[in-house]
Amino acid sequence: CVLLVGYAPLPLPRPNDRLLPLHSFGEPDVMGITGESWRAWELRRVILAAVATGRHVFILGPTGTGKELVARAIHRMSHRFKAPFVAANGAAFSSEITAYQLFGNRKDAPNVGSPASLGYFGQAGAGVFFLDEIGEMAPALQAALLRALEGGYTRIGEAHETATECQVICATNRAATFIKEDVLARLGVTLTTLSLDHRREDIALIVRTMLLKRAREEKTGAAFARQYVRRDSRGWEHVPVHSSLILGLLRSPLHSNVRELDNILTESIMAAEGELPLRWPASRPFPEPVPLAIPTQPAPPSIDGLLAGLGGGRPSPSRARVKEALDMHDGNIGKTAKYLRMTARDLYRLREKYGLLDPEEPENKD
């Protein structure tokens, strides 16, 4: 067997009430996220914080790190969950038809005989419009979004403006510098998805989830389930895997993250030809150990750390979290301090430290 030991800060995030009752350990949660690492729990916290703002969202992260999964989680956990979730790929837009694709057109516009169309914004209605690969769109095409992000758009052939009802979620695996600044300014919340390098202790759980997902696929799932899925005496379903497969995945760079992981699983299944457990595919060289981003023998925790873990003290939140909390509460100091579980005085000191004070704000001497 392979023993996986997670490394996490002592004060683990408290599960949000909206996630209760909690999923069974290792199972996908109500948002569809699999993972029990502290980074997975931090992602859940940030998603729920973004939902609470109700603002447009920008998701930044490497390929294969679940940006669409996060977008769907935001939709599922918000008051818009009964409205449509509409997805589009920004890389497919061209200058000639961008306006048609985004905003639609009335009948007979621009040419007689043209059928009416709603466009992505119209299809989304009061739901969510997810625009993936926005970083692949030319700046001129990104500019078409500006007015819609402010609250309205005009269909081709119409003189009046239609109010924007949907929440817009944009995503890219490129740097934020590929996005027009005025577009970014209108995407009020930024989330970052991390590569599997940052949460390797979740890989074994993700493997189980992905294999069981294959068993539920419409066309080939039944055959896969009969051949590979086993159920133990407790009713726990799994696909038996050899330690070599998990160890190989833990050592692999997985440059495209979940996509590459899925490809390796496919190779393993093809090589198995129905035999269990699934092993590391012989077609791939077995990877050498990779250096970890964390110390293999962390220093003993400090007294402050132990107190934080026991609830007797808490580490200061980061600048990003303080700013996020301020934005979420429209700058209300009392509500922000309560949300961060600190005094207004401590919040003032953090804002001063992080350069988040209003230049005209009087000094807090309390």
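Computed from a predicted structure; not experimentally measured. Heavy-atom basis, side chains included; hydrogens, waters and symmetry copies ignored.
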* Please identify each residue that fulfils side-chain contact (heavy atoms from CB on, under 4.5 Å) with Thr209, with sequence neighbours left out. => Pro28, Thr34

* So Val86 and Val128, side-chain contact (heavy atoms from CB on, under 4.5 Å) or not? Walk me through it. -> CA-CA 6 Å; Val86 177; Val128 168; over 6 Å; no

* Rounded to the nearest 0.5 Å, how far apart are CD of Glu158 and CZ of Phe103? -> 12.5 Å

* To do: For Ile169 and Ile74, run side-chain contact (heavy atoms from CB on, under 4.5 Å): C-alpha distance rounded to whole Å, both residues' side-chain angles, the deciding distance at 0.1 Å, then the answer.
  => CA-CA 9 Å; Ile169 303 177; Ile74 293 172; 4.0 Å; yes

* **Smallest separation among heavy atoms of Leu184 and Ala176, with atom names** => CD1-O, 3.6 Å

* **Flag, side chain of His75 to backbone of Arg80, donor-acceptor distance under 3.5 Å** => yes

* Asked: Can we say Glu237 and Arg208 salt-bridge, meaning some charged N sits less than 4.0 Å from an Asp/Glu carboxylate O?
  -> no

* If every non-hydrogen atom of Pro84 is compared with every non-hydrogen atom of Gln123, which pair is closest and at what distance? -> CG-O, 3.6 Å

* Asked: Donor-acceptor pair, Arg199 side chain versus Ser37 backbone, under 3.5 Å?
  -> no

* Asked: Transitively linked via ILVMFWY side-chain contacts under 4.5 Å: Phe85 with Leu69?
  -> yes

* To the nearest 0.5 Å, tell me how far Tyr100 OH sits from Phe93 CZ. => 15.0 Å

* **Glu133/Arg174 salt bridge by N-O under 4.0 Å criterion** => no

* Taking side chain as C-beta onward, heavy atoms only, is Phe58 less than 4.5 Å from Val189? -> no

* Structure fact -> So CE of Met342 and OH of Tyr348: to nearest 0.5 Å the spacing works out to 15.0 Å

* Asked: Quick one: does Ser318's side chain have a donor or acceptor within less than 3.5 Å of a partner on Arg321's backbone?
  -> yes

* **Ion pair check, Glu267 and Arg284, cut-off under 4.0 Å** => yes

* Asked: Hey, is Glu324 close enough to Arg45 for a salt bridge, meaning N to O under 4.0 Å?
  -> yes

* Heavy atoms, side chains only, cut-off 4.5 Å: are Phe224 and Leu212 in contact? -> no

* Asked: Taking His238 for the side chain and Pro240 for the main chain, is one N or O donor matched with an acceptor at less than 3.5 Å?
  -> no

* Asked: What distance do His56 atom NE2 and Thr190 atom OG1 have between them, rounded to the nearest 0.5 Å?
  -> 13.0 Å

* Structure fact -> Besides Leu194, the hydrophobic cluster formed by Ile, Leu, Val, Met, Phe, Trp and Tyr side chains linked at under 4.5 Å, directly or via other members, contains none

* Is there a donor-acceptor contact under 3.5 Å from the side chain of Arg279 to the main chain of Ser244? -> no

* Sequence neighbours left out, what passes side-chain hydrogen bond (donor to acceptor under 3.5 Å, both in side chains) with Arg39? Give chain and number order. => none

* Asked: Do Val183 and Ile59 belong together in a cluster built from hydrophobic side chains that touch within less than 4.5 Å?
  -> no

* To do: Kindly say whether Cys166 contributes a backbone atom to a donor-acceptor pair with the side chain of Thr164 at under 3.5 angstrom?
  => no

* **Those residues that, when tested against Thr172, pass side-chain hydrogen bond (donor to acceptor under 3.5 Å, both in side chains) (two or more places apart)** => none

* In terms of hydrophobic clustering (I, L, V, M, F, W, Y; side-chain heavy atoms under 4.5 Å; direct or indirect links), are Phe81 and Ile33 co-clustered? -> no

* Structure fact -> Taken in chain and number order and not counting sequence neighbours, the residues that satisfy side-chain hydrogen bond (donor to acceptor under 3.5 Å, both in side chains) with Ser78 are none

* Set of side-chain contact (heavy atoms from CB on, under 4.5 Å) partners for Thr220, sequence neighbours left out -> Glu217

* To do: Start with the C-alpha distance between Thr154 and Glu161, add both sets of side-chain angles, then the distance that settles side-chain contact (heavy atoms from CB on, under 4.5 Å), and finish with yes or no.
  => CA-CA 5 Å; Thr154 303; Glu161 188 174 78; 4.1 Å; yes

* Asked: Do Arg155 side-chain atoms and Ser117 backbone N/O form a donor-acceptor pair below 3.5 Å?
  -> yes

* To do: Could you check if a side-chain atom of Leu211 sits within less than 4.5 angstrom of a side-chain atom of Ile269, using non-hydrogen atoms only?
  => yes

* Side-chain ion pair, Asp262 and Arg214, N-O less than 4.0 Å -> yes

* To do: Would you check if there is a donor-acceptor pair between the side chains of Asn257 and Thr65 at a distance under 3.5 Å?
  => no

* Asked: Could you walk me through whether Trp236 and Arg231 pass the side-chain contact (heavy atoms from CB on, under 4.5 Å) check?
  -> CA-CA 5 Å; Trp236 190 74; Arg231 187 190 300 268; over 6 Å; no

* Asked: Are Val241 and Leu254 connected in a single hydrophobic cluster, I mean Ile/Leu/Val/Met/Phe/Trp/Tyr linked by side-chain heavy atoms less than 4.5 Å apart?
  -> yes

* Apply side-chain contact (heavy atoms from CB on, under 4.5 Å) to Ser268 and list each qualifying residue two or more places apart in sequence or on a separate chain. => Leu245, Leu278, Pro281

* Does any non-hydrogen side-chain atom of Leu131 lie less than 4.5 Å from one of Asn89? -> no

* **Heavy-atom pair of closest approach, residues Lys335 and Asn332** => N-OD1, 2.9 Å

* To do: Under the salt bridge (charged side-chain N to carboxylate O under 4.0 Å, His left out) rule, collect the residues that match up with Asp29, sequence neighbours excluded.
  => Arg44

* Structure fact -> Apart from Leu118 itself, its cluster of hydrophobic side chains linked below 4.5 Å comprises none

* Leu191 vs Leu60 side-chain heavy atoms within contact, under 4.5 Å -> no

* To do: Sequence neighbours left out, what passes side-chain contact (heavy atoms from CB on, under 4.5 Å) with Thr63? Give chain and number order.
  => Asn173, Ser256, Arg259

* With sequence neighbours excluded, residues passing side-chain hydrogen bond (donor to acceptor under 3.5 Å, both in side chains) with Lys323 -> Asp327

* Kindly write out the residues that satisfy ring-ring contact (aromatic ring centres under 6.0 Å, His included) with Phe286, not counting sequence neighbours, or none if the list is empty. => Trp280

* Asked: Can you hop from Ile134 to Phe121 via hydrophobic side chains spaced under 4.5 Å?
  -> yes

* Any side-chain heavy atom of Tyr153 within less than 4.5 Å of one from Leu145? -> no

* **Gap separating the CG atom of Asp182 from the CG atom of Leu187, nearest 0.5 angstrom** => 10.5 Å

* Asked: Is there a donor in the side chain of Gln167 and an acceptor in the side chain of His79, or the other way round, less than 3.5 Å apart?
  -> no

* Note, Cys170 side chain near Val57 side chain (heavy atom, < 4.5 Å) -> no

* N/O donor-acceptor pair under 3.5 Å between Lys67 side chain and Gly61 backbone -> yes

* Asked: Tell me, do Ile206 and Leu196 make a side-chain contact under 4.5 Å, heavy atoms counted?
  -> yes

* To do: Check the pair Arg251 / Glu288 against salt bridge (charged side-chain N to carboxylate O under 4.0 Å, His left out), numbers first and verdict last.
  => CA-CA 7 Å; Arg251 291 180 174 183; Glu288 295 294 324; 5.4 Å; no

* **Short side-chain donor-acceptor distance under 3.5 Å, Asn263 and Thr266** => no

